[in-house]
Amino acid sequence: MKYKEVVVIGMHRAGTSMISGIIHRLGIVMGESMLGSVWSNPLGLYEDEEFVKINKKILNNVNSNWYNIPDRREISTVDSQIIEYVEDSIRKRKKHGSPWGWKDPRTTITYPIYHEFLSNPYIIKCTRDVTNIAMSLKRKNDIPVRKGKILAGKYFERMENTIPNQLPCKTVKYEEVLSNPEEEINDICDFLNISPDQKDLQKAVSFVKPKSYLRLMNWVKWFTNNIKKVYGSK
């Protein structure tokens, strides 16, 4: 497998954890020490703890955070010590010689700090219906829906305008992965030029729609059909 760095970006609640989990199951390590699951992401965040720490340092250094994002000029003023930390973290992972990557929605904002230290970056941009993102933010962070939509728009704008045009990029839509995981996962493999075995492919598909989910959906379908029969017969 040719060396590359896979960087998953996108707005919070736009499916970045799902995509990172898929890629991890396809054989590309997406974190040496990853954050665990939380109530809002029961299958796991798939975030490398060190890169989350770096991103928080970057944003804190310019008096910002993930929901109060800095402009591009401010990002360029980050302290040199933090830039050295970024360089060192990437150098350590390069030593392994195998493909690797990371996911943190904050990287949508901080990517320019990383770019010069990457050798062969592949960028995956995660998108989702803005209203659904805003509703999810409301449930998770109690952010007003209107503000959530505005914030998502800012992330999407930054996602399109901070990544150099010459880099290989792929846009992945959350809803399409859920509705047709096999096809979307094969497209991701083609983009990354990887050939996982059938077992790993099935692991990735099952991660998107685990057996418990499929059982629930089958039960809902059965229940709905029987309700229709009961009420339809009256």
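A salt bridge links R93 and D48; the closest N-O separation between the charged side-chain nitrogens and carboxylate oxygens is under 4.0 Å. Of the charged side-chain nitrogens involved, at least one lies within less than 4.0 Å of a carboxylate oxygen, so that D104 and R106 count as a salt-bridged pair. Residues E32 and K92 are not paired through a salt bridge, judged by the lack of any N-O separation under 4.0 Å between the basic side chain and the carboxylate. The residues E184 and K173 are annotated as not salt-bridged, no charged nitrogen and carboxylate oxygen being separated by less than 4.0 angstrom. Salt bridge present: R91 and E87 bring a charged side-chain N and a carboxylate O closer than 4.0 Å. The existence of a salt bridge linking K57 and E84 is excluded, since no basic side-chain nitrogen approaches an acidic carboxylate oxygen closer than 4.0 Å.
Using a 3.5 Å distance cut-off with no hydrogens or angles, the side chains of E176 and N180 do not pair a donor with an acceptor. For the 3.5 Å distance criterion, the side chains of N55 and Y114 qualify, holding a donor opposite an acceptor.
Around the NZ atom of K149, the shell of radius 6.0 Å holds no more than 12 heavy atoms that belong to other residues, nucleotides or ligands.
Between the CD1 atom of I133 and the NZ atom of K140 there is a distance of 13.0 Å, given to the nearest 0.5 Å. Atoms OH and CD1, on Y122 and I23 in that order, are 12.5 Å from each other to the nearest 0.5 Å. To the nearest 0.5 angstrom, T108 atom OG1 is 9.0 Å from M11 atom CE. Note that NZ of K95 is 13.5 Å distant from CD1 of I90, once rounded to the nearest 0.5 Å. Taken to the nearest 0.5 Å, the CZ atom of R158 stands 13.0 Å off from the OG1 atom of T107. Atoms CD1 and CG, on I75 and L59 in that order, are 5.5 Å from each other to the nearest 0.5 Å.
Side chains of N132 and Y174 form no contact here, defined as non-hydrogen atoms less than 4.5 Å apart. Using a 4.5 Å cut-off on side-chain heavy atoms (C-beta onward), V172 and T127 make no contact. The shortest side-chain heavy-atom distance between I9 and Y111 does not fall under the 4.5 Å cut-off.
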Q: Apply the test side chain to side chain donor-acceptor pair (under 3.5 Å) to residues N161 and E157: give CA-CA distance (whole Å), side-chain angles for both, the deciding distance (0.1 Å), then the verdict.
A: CA-CA 6 Å; N161 293 322; E157 183 275 330; 2.5 Å; yes
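Note: the hydrophobic cluster containing F191 does not contain Y3 (ILVMFWY, side chain heavy atoms under 4.5 Å, direct or indirect links).
Between H12 and Y67, the distance separating the two ring centers is not shorter than 6.0 angstrom.
Within the 3.5 Å criterion, the main-chain N or O of E74 finds a donor-acceptor partner in the side chain of T77. No donor-acceptor distance shorter than 3.5 angstrom exists from the side chain of E5 to the backbone of W100, with no hydrogens or angles considered.
Under the side chain to side chain contact (heavy atoms under 4.5 Å, CB included) test applied with I113, the options I82, I54, V78 reduce to a single match, V78.
Considering every non-hydrogen atom in both L26 and C189, the closest pair reads CD1-SG, 3.8 Å. Minimum heavy-atom separation, L137 to G148: CD1-CA, 4.0 Å.
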Taking distance alone, no hydrogens or angles, what donor-acceptor pairs closer than 3.5 Å link side-chain atoms of residues 13-20 to residues at least two apart or in another chain?
from : atom 1 : to   : atom 2 : distance (Å)
R13  : NE     : S136 : OG     : 2.7
R13  : NH1    : N41  : OD1    : 2.8
R13  : NH2    : S40  : O      : 3.3
R13  : NH2    : S136 : OG     : 3.3
S17  : OG     : N41  : ND2    : 3.2
S17  : OG     : L45  : O      : 3.2
S17  : OG     : K103 : NZ     : 2.7
S20  : OG     : Y46  : O      : 3.0

